[in-house]
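All heavy atoms count here, side chains included; hydrogens, waters and symmetry mates do not. Counting from 1, the numbers follow the sequence of the chain as shown.
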Amino acid sequence: MDTSFIKTAEVQALFDKAAGLDTSGGNARIKAIMRDLFEALAGVIVRNDVSESELWGAVKYLQDGAAEIGLIMPGTGLEHFMDLFLDAKDAEAGLTGGTPRTIEGPLYVAGAPLVEGDDVNLTSDPDDTTTLHMNGTVTGPDGEPVKDAILHVWHANSQGWYSHFDPTGEQTPFNNRRRIKLGPDGRYAFHSKMPRGYSVPPGGATDVLMQALGRHGNRPAHVHFFVEAPGYRRLTTQINFGDDPFAKDDFAFGTREGLLPVPVRAGDDATIAFDFVLQRAADAEDEHFSTRRRAAA
């Protein structure tokens with residue numbers, strides 16, 4: 001059927017009423033967004049001649065997959081799309097430079113220990129693998145050291161499991177998770193046991209979708225970061241290890257140019273030097289974390 005059906009008076013009136021446009025109450029922004037969403041979804045249904053069974057099958061998928069929505073969002077590219085959208089808005093506003101942003105992912109846990117030191121240890125548990133060393137600086141757009149910065153760091157263990165999400169139950173709280181308070185020189189250094197990439201849960205909702213799309217559900221070895229400091233825009237980013245087989249084929253679209261360092265490996269050690277460059281905050285909101293559901297210990 002031609003999509004002009006969507007523009008008929010009856011259908012348009014349905015969407016207007018469903019979005020609350022005929023009432024004075026409610027939130028005007030939510031009304032406008034829902035109105036656009038209804039019409040966009042209707043277009044998908046009509047253009048693809050979606051059957052009633054297919055529609056309710058999709059609803060069941062979303063119901064059954066609710067626990068994996070944090071994986072489905074990056075896996076479908078929606079989380080990366082937001083990065084591209086924010087980049088485009090920056091470019092339109094004339095904002096350039098800085099370390100590239102990339103996806104947060106679903107596995108951050110608030111409240112990690114706040115520590116200081118010249119070579120912070122992230123790993124609390126024994127792990128029979130090589131040791132990762134990372135070091136570098138946090139500077140502003142003019143190369144100035146960023147004072148009072150806090151670097152949030154989190155990554156998986158050598159089996160690809162994150163503490164607080166490990167189905168084996170073997171990791172202690174906040175293993176491979178720290179918040180590092182930096183000195184006035186903006187320098188950081190930490191070491192931890194080498195992380196491994198992971199796959200989405202076999203047979204889970206994300207895996208079912210990836211298979212239906214002919215895609216895999218693998219991530220390369222990587223390390224996540226938040227960087228926050230007064231007067232600077234909060235940065236959400238991560239590095240993917242450039243020598244990992246999935247480095248440039250990350251199912252979650254977390255790979256970006258400038259975020260693919262190759263570890264220098266020597267015996268039981270691997271070293272990465274990586275510098276962060278922050279943009280100045282335009283307002284107080286720029287300094288704060290985005291609002292989303294995050295785990296807390």
Side-chain angles (χ1 to χ4, degrees), residues 70-71 73-75 77 79-80 83 99-109 112 119-136 151-168 170-172 174-178 180 188-202 204 206-207 210 215-227 235-276:
L71 290 172
M73 283 290 290
E79 193 169 359
H80 180 55
D83 289 334
T99 299
R101 56 167 60 91
T102 193
I103 66 168
E104 174 183 333
L107 301 173
Y108 176 77
V109 178
D119 187 15
V120 170
N121 180 19
L122 306 187
T123 304
S124 307
D125 300 338
D127 199 337
D128 187 18
T129 186
T130 56
T131 299
L132 171 66
H133 301 268
M134 279 198 68
N135 64 82
L151 183 71
H152 302 236
V153 190
W154 69 101
H155 66 68
N157 66 5
S158 66
Q159 303 305 306
W161 299 121
Y162 285 76
S163 59
H164 300 269
F165 299 90
D166 187 342
T168 70
E170 295 177 354
Q171 295 189 61
T172 58
F174 296 112
N175 184 47
N176 296 322
R177 300 178 185 271
R178 296 293 187 272
I180 306 173
Y188 78 91
F190 67 80
H191 65 276
S192 59
K193 287 301 183 179
M194 181 65 73
R196 179 182 175 184
Y198 66 83
S199 172
V200 299
T206 316
D207 185 40
M210 292 301 104
R215 295 174 50 203
H216 66 76
N218 295 298
R219 294 220 63 202
H222 57 280
V223 181
H224 294 268
F225 301 96
F226 287 148
V227 193
L235 173 66
T236 300
T237 195
Q238 61 181 274
I239 58 162
N240 284 356
F241 293 4
D243 57 358
D244 189 286
F246 292 104
K248 295 186 178 180
D249 189 22
D250 178 1
F251 103 96
F253 303 98
T255 300
R256 305 202 73 179
E257 289 299 322
L259 300 176
L260 275 171
V262 176
V264 178
R265 302 179 186 270
D268 290 334
D269 295 283
T271 302
I272 293 175
F274 190 85
D275 296 330
F276 298 91

Decide yes or no for Phe274 and Val223: does some side-chain heavy atom of the first lie under 4.5 Å from some side-chain heavy atom of the second? no
Is the shortest side-chain heavy-atom distance between Thr123 and Asn175 below 4.5 Å? yes
Supply the atom-to-atom distance Arg178 CZ to Phe190 CZ, rounded to the nearest 0.5 angstrom. 11.5 Å
For a 4.5 angstrom cut-off between non-hydrogen side-chain atoms, does Asp268 reach Thr131? no
Donor-acceptor contact below 3.5 Å, side chain His224 vs main chain Glu104: yes
With distance as the sole criterion, is a donor-acceptor pair present between the side chains of Asp269 and His191 under 3.5 Å? no
Side chains of Val109 and Tyr162: closer than 4.5 Å at any heavy-atom pair? no
Beyond-backbone contact of Thr102 with Asn240, side-chain heavy atoms, under 4.5 angstrom: no
The reported gap from CZ in Arg265 to CE in Met194 (rounded to nearest 0.5 angstrom) is 4.5 Å
Thr168 and Asp166: side chain donor to acceptor below 3.5 Å: yes
Asp243 side chain vs Val262 backbone, donor-acceptor pair below 3.5 Å: no
State, to 0.1 Å, how close Ala247 and Phe241 come at their nearest heavy-atom pair, and which atoms those are. CB-O, 3.3 Å
Does any donor atom in the side chain of Arg219 or Gln238 lie under 3.5 Å from an acceptor atom in the other side chain? yes
Can any side-chain N or O of Asp127 pair as donor or acceptor with the backbone N or O of Ser158 at less than 3.5 Å? yes
Using a 3.5 Å distance criterion without hydrogens, assess whether the side chain of Thr206 forms a donor-acceptor pair with backbone atoms of Val200. no
Minimum heavy-atom separation for Gly75 and Met210, please, with both atom names. O-CE, 3.7 Å
Can you tell me how far the CZ atom of Arg256 sits from the OG1 atom of Thr99, to the nearest 0.5 Å? 11.5 Å
Quick check: do Met134 and Ile239 have side-chain heavy atoms less than 4.5 Å from each other? yes
Indicate the atoms forming the closest heavy-atom contact of Pro220 with Asp250, along with that distance. CD-CG, 3.6 Å
So, taking the atom named NZ in Lys248 and the one named OG1 in Thr255, what distance separates them when rounded to the nearest 0.5 Å? 9.0 Å
Between Ala221 and Pro195, which heavy-atom pair has the shortest distance, and what is it? CB-O, 3.7 Å
Do you know which two heavy atoms are closest between Ala156 and Arg196, and how far apart they sit? CB-O, 3.9 Å
Find the distance between CG (Asn157) and NE2 (His155) and round it off to the nearest 0.5 Å. 9.0 Å
Got a sec, which residues hit salt bridge (Lys or Arg N to Asp or Glu O under 4.0 Å) with Asp119, two or more places apart in sequence or on another chain? none
For the pair Phe276 and Phe225, name the ring-plane relationship: parallel under 30°, tilted 30 to 60°, perpendicular over 60°. perpendicular
Could you check whether any side-chain N or O of His222 sits under 3.5 Å from a backbone N or O of Gly197, counting only pairs where one atom can act as donor and the other as acceptor? no
Indicate whether the side chain of Ser192 and that of Asn176 have a donor and an acceptor atom separated by less than 3.5 Å. no
Assess whether side chain to side chain contact (heavy atoms under 4.5 Å, CB included) is satisfied between Trp161 and Glu170, documenting all intermediate values. CA-CA 10 Å; Trp161 299 121; Glu170 295 177 354; over 6 Å; no
Looking at Tyr108 versus Trp154, is the centre-to-centre ring distance below 6.0 Å? yes
Looking at Pro201 and Leu71, what are the two nearest heavy atoms and their distance? CD-CD1, 3.7 Å
Is a donor on one side and an acceptor on the other found under 3.5 Å between the side chain of Asp83 and the backbone of Ile103? yes
Indicate yes or no for a side-chain donor-acceptor contact from Thr237 to the backbone of Pro100 under 3.5 Å, with no hydrogens or angles considered. yes
How far does NE2 of His164 sit from CZ of Arg177, to the nearest 0.5 angstrom? 5.5 Å
